[in-house]
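Here is how names work: the chains are called A, B, and so on, in the same order as the sequence lines, proteins then strands, and each is numbered from 1. Side-chain atoms are counted along with the backbone in the values below, which use heavy atoms only and exclude waters and symmetry mates.
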2 protein chains.
Amino acid sequence: MHYTRDNMAGLLRSHDINPTHQRIEIAHALFSRQEHLSADQVMAIVNTRHSETSKATVYNTLKLFLEKGLVREVIVDPSKVFFDPNTGPHHHLYEVDTGKLSDIDAAHVQISGLPPLPPGMVTEGIDLIVRVRRKA
Amino acid sequence: MHYTRDNMAGLLRSHDINPTHQRIEIAHALFSRQEHLSADQVMAIVNTRHSETSKATVYNTLKLFLEKGLVREVIVDPSKVFFDPNTGPHHHLYEVDTGKLSDIDAAHVQISGLPPLPPGMVTEGIDLIVRVRRKA
DNA sequence: CACCAATCTGGACTTTGTCTAATTTCCGGA
DNA sequence: TCCGGAAATTAGACAAAGTCCAGATTGGTG
Ligand SMILES: [Mn+2]
Ligand SMILES: [Mn+2]
Ligand SMILES: [Zn+2]
Ligand SMILES: [Zn+2]
């Protein structure tokens with residue numbers, strides 16, 4: 001699957017998001033790379049050629065994408081949030097030295113024996129993060 | 001098990017940490033409560049009666065405790081790190097609305113089917129976070 | 001007491017993220 | 001085409017978490 005700028009408009013519309021120029025650029029940054037990006041990285045990518053998207057818009061847009069379920073948030077690094085264009089069920093492998101973050105398909109992973117939830121609560125998600133480090 | 005200030009000195013020594021007044025207070029804040037505390041919360045607790053520990057010392061000390069394996073870091077909230085006096089194997093339940101964080105004993109939880117690690121890497125830890133929300 | 005190393009401190013600084021009031025863009029109706 | 005208003009974008013001020021550093025304090029040893 002190729003993610004072109006032209007595709008983006010449809011993708012945004014299908015998630016009930018009005019496709020503006022900035023939103024298309026931000027979606028394109030995420031989906032064409034299929035990588036985990038921080039707001040800062042999105043900002044840098046979108047403004048490489050010439051500055052055209054403000055910091056406020058980058059943050060607003062990423063939050064909008066999140067609310068609309070177009071992207072997912074990954075919290076592994078205490079200093080910044082990563083945004084993940086992959087919303088399918090998957091887990092993460094985090095290389096603590098380098099900060100590199102990669103996906104682990106949830107299909108083959110099984111988690112069992114979790115205690116029952118407190119009453120009146122529903123699971124919003126289960127995050128599994130494997131933290132790895134280069135062998136000493 | 002009761003965690004008194006007097007106990008703390010021994011606990012610190014057993015982790016190769018020179019027990020100073022500030023370090024004892026900070027350890028006591030964490031261990032007497034057995035709760036997940038942010039740096040800010042530790043700061044507030046330690047300085048309730050009268051200000052006696054600086055922000056720099058709180059951060060330095062928590063980092064030292066972390067390095068020495070006396071506490072563990074829990075990253076669930078993008079805005080702040082929590083410090084966990086429980087270093088035994090366990091997972092976390094996070095109530096996203098309230099920010100309440102509680103432990104899930106790892107004894108009965110089983111995680112299987114994880115892919116092999118990239119060569120030359122070792123697992124530093126596996127964090128499992130169950131994010132829950134009050135039912136709509 | 002004098003010395004030295006370890007520790008602690010205030011406060012400046014950085015980074016990530018939020019907020020707001022003003023401007024720009026977009027679109028539908030006259 | 002022109003107009004009015006809603007939606008979106010913007011610059012920049014602001015806030016909060018965390019880092020850093022140079023100087024002061026502490027506590028033990030000779
Ligand atoms: Mn462009
Ligand atoms: Mn005290
Ligand atoms: Zn991912
Ligand atoms: Zn815990």
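As a whole-Å value, the separation of A/Ile17 CD1 from D/dA7 P is 16 Å. The OH atom of B/Tyr59 sits 15 Å away from the C1' atom of C/dG10 (whole-angstrom rounding). In this structure, CE of A/Met43 is placed 14 Å from C1' of C/dT18, rounded to the nearest angstrom. Between A/Gln41 atom CD and C/dG17 atom C1' there is a gap of 16 Å when expressed in whole angstrom units. Between the CZ atom of A/Arg23 and the P atom of D/dT10 there is a distance of 11 Å, given to the nearest Å. If you take CD of B/Gln22 and C1' of C/dA6, they are 12 Å apart, rounded to a whole angstrom.
With A/Glu25 as the fixed residue, the side-chain contact (heavy atoms from CB on, under 4.5 Å) test singles out one of A/Thr20, A/Val42, A/Val46: A/Val46.
Relative orientation of the B/Tyr3 and B/Phe31 rings is tilted, given thresholds of 30° and 60° on the angle between their planes.
At the heavy-atom level, B/Ser38 lies nowhere under 4.0 Å from the strands shown. Contacts of B/Thr57 with the nucleic acid, taken as non-hydrogen atoms under 4.0 Å apart, include base atoms.
The CD1 atom of A/Ile26 sits 11.0 Å away from the CG atom of A/Leu37 when rounded to the nearest 0.5 Å.
Donor-acceptor pairing under 3.5 Å, judged by distance alone, is absent between the side chain of A/Lys80 and the base of C/dG17. In terms of polar N and O atoms assigned as donor or acceptor, the side chain of A/Lys55 comes within less than 3.5 Å of the base of C/dG17 in a complementary pairing.
For B/Ala56, taking side-chain heavy atoms from C-beta onward, the closest of the listed nucleotides D/dT9, D/dC21, D/dT10 is D/dC21. Distances from the side chain of A/Lys63 to the nucleotides D/dT10, D/dA8, C/dT18 place C/dT18 closest. With D/dT19, C/dC19, C/dT9 as the candidates, the nucleotide lying closest to the side chain of B/Ser54 is C/dT9. In the set C/dA6, C/dT20, C/dG17, C/dA6 carries the atom at the smallest distance from any side-chain atom of B/Asn18.
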Would you check, one step at a time, whether the test side-chain hydrogen bond (donor to acceptor under 3.5 Å, both in side chains) holds for B/Asp103 with B/His36? CA-CA 9 Å; B/Asp103 285 349; B/His36 306 87; 2.8 Å; yes
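Along DNA chain C, the nucleotide nearest B/Pro78 and the nucleotide nearest B/Ser51 are compared for position; the residue whose nucleotide lies closer to the 5' end is B/Ser51.
The pair B/Lys80-B/Asp40 does not count as a salt bridge, with every side-chain nitrogen at least 4.0 angstrom from each carboxylate oxygen.
The phosphate of D/dA17 has neither OP1 nor OP2 within less than 4.0 Å of any side-chain N or O from A/Ser79.
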